[in-house]
Amino acid sequence: MAAFPFEIEATDGKARTGVLKTPRGDIRTPAFMPVGTAATVKAMTVDQVKDTGADIILGNTYHLMLRPSAERVKRLGGLHKFMRWDKPILTDSGGFQVMSLSGISKLTEEAVTFSSHVDGSKHVLTPERSIEIQADLLGSDIVMQLDECVAWPAEEARARKGMELSARWAKRSKDAFGTRDTQVLFGIQQGSTFENLRRESSERLREIGFDGYAIGGLAVGEGHQAMCEVLDYAPGFLPEDRPRYLMGVGKPIDLVEAVARGVDMFDCVLPTRSGRHGQAWTWDGPINLKNAKYAEDETPLDPDSDCPASRDYSKAYLRHLFKAEEILGQVLLSWHNIAFFQALTAAMRAAIAEGRFEQFRRDFAARHLGG
Ligand SMILES: CN(C)CCSCc1cc(N)cc2c(=O)[nH]c(N)nc12
């Protein structure tokens, strides 16, 4: 019996909508998880994040083990208490961030060893240590196995090596995690853009058995088209009665097209990172608020939104804040963008429940990409 029941309430084609029930609260799927890398969703308070409708946020093993250290977070009561977020948290296992953020790093069968991008200190991350950090020290609700995300493009032989290492680390992660009744462990499918490798990765993960399955190795530069081609088959290799989490994705159109192919959960830094740089995501596509055409535009980003950042502030004021490099601009636009991503997943959940997802998918693309 899985520790977290996953109840699929409706399907429409390959799209599903449901609820992942956890001790800290229900996660409505399709779900977008705001990224809270260093124990904060950047530029937002936890109350603002909650206000957007987010049911779960992401934390990061890599960042928190370096600063303030996982042991200190533990001494301070764990990640939920430390950052005052009492709903579910999913933590990534750290390997991906090591390869993309740290200085010198070495990857062997045993571990990833690397130097901190913060102070150059040396660190070792094994599947066992990553589980200890996530499950015992940070206290996250959804724990990710340690994996190797192979860079794109990859030769098949290289992709196979990474997939096989990740599968061996999946077993070590599961053995280290053991059985727990208030936390769950997700395996991560690898295999780059090779169907046979993705199938084999999935078979190995299913043999080991996980409470949920992530699709890794995408959103690494392959582009929307190539990602969708992998998603035409990759989700279907995973158990249909467990959540499927597409890591690091993505733009609004990526979420819609991935939901159409059977994905349930997403995380991406895009809404917060682009918000800090003046890009607002809307039903009509992204807009750059620094553009002079908004200088005296008194309309809000979305008058129909229940998010104050979307409903109550004029584009002219938001543009002013960015031109003046006022911190409030970054706060309001991060808040608006996260609220938009939550409104998008809520609209998809409703469309699937009402059997009209294909129409939603067509209408969204026409309006959002229409230009
Ligand atoms: C804040 N987020 C960007 C971090 C969580 S998602 C990071 C992340 C992104 C992508 N694209 C691929 C992978 C992957 O293959 N494996 C792991 N462990 N993490 C991944």
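When a ligand or atom number is given, it counts from 1 through the structure's own listing order. Everything numeric in this text was worked out from a predicted model, so none of it was measured. The first residue in the sequence is number 1, and the count goes up from there.
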* Which of these, Phe186, Tyr245, Phe96, has its nearest heavy atom closest to atom 10 (C) of ligand 1? ->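 The residue whose heavy atom sits nearest atom 10 (C) of ligand 1 is Phe96.
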* **Options Leu218, Val35, Asp267, ranked by nearest heavy atom to atom 3 (C) of ligand 1, top entry** =>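 Residue with the shortest heavy-atom distance to the ligand atom: Asp267.
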How far is [atom] from the closest protein heavy atom, and which atom is that?
atom: atom 15 (O) of ligand 1; answer: Gly217 N, 2.8 Å
atom: atom 7 (C) of ligand 1; answer: Asp92 OD2, 3.3 Å
atom: atom 14 (C) of ligand 1; answer: Asp147 OD2, 3.6 Å
atom: atom 5 (C) of ligand 1; answer: Leu58 CD2, 3.3 Å

* Just by distance, do the side chain of His368 and the backbone of Thr282 share a donor-acceptor pair under 3.5 Å? ->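 Judged by distance alone, yes, a pair lies under 3.5 Å.
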* Could you tell me whether the side chain of Ser334 and the main chain of Gln330 form a donor-acceptor pair under 3.5 Å? =>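 Such a contact is found between Ser334 side chain and Gln330 backbone.
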* Carboxylate-amine/guanidinium contact Arg160 Glu200, below 4.0 Å ->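 So Arg160 pairs with Glu200 through a salt bridge.
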* Asked: Do the charged groups of Asp136 and Arg180 touch, with an N to O distance under 4.0 Å?
  ->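 Salt bridge present between Asp136 and Arg180.
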* Are Phe341 and Phe32 an aromatic pair by the rule of ring centers under 6.0 Å? ->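 Yes; Phe32 has its ring centre under 6.0 Å from that of Phe341.
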* **Apart from Met163 itself, residues in the same hydrophobic cluster as defined by side-chain heavy atoms under 4.5 Å** =>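 Via sub-4.5 Å side-chain contacts, Met163 links to Phe194, Leu197.
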Mark up the atoms of ligand 1 that fall under 4.0 Å of a heavy atom belonging to [X], in ascending order.
X: Ile188; answer: 18 (N)
X: Gln97; answer: 4 (C), 7 (C)
X: Gly216; answer: 14 (C), 15 (O)
X: Asn60; answer: 1 (C), 4 (C)

* Asked: Between His123 and Phe114, how do the two ring planes meet: parallel, tilted or perpendicular, split at 30° and 60°?
  ->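 Aromatic pair His123/Phe114 classed parallel.
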* Using side chain to side chain donor-acceptor pair (under 3.5 Å) as the criterion, point out the one residue from Arg244, Arg242, Arg16 that pairs with Asp264. =>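 Running side chain to side chain donor-acceptor pair (under 3.5 Å) over Arg244, Arg242, Arg16 with Asp264 returns exactly one hit, Arg16.
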* Asked: How does Gln190 reach ligand 1, if at all, at less than 4.0 Å between non-hydrogen atoms: by side chain, backbone, both, or neither?
  ->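 The answer is the side chain.
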* Asked: Hey, does Gly95 sit under 4.0 Å from ligand 1 if you only count heavy atoms?
  ->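 No.
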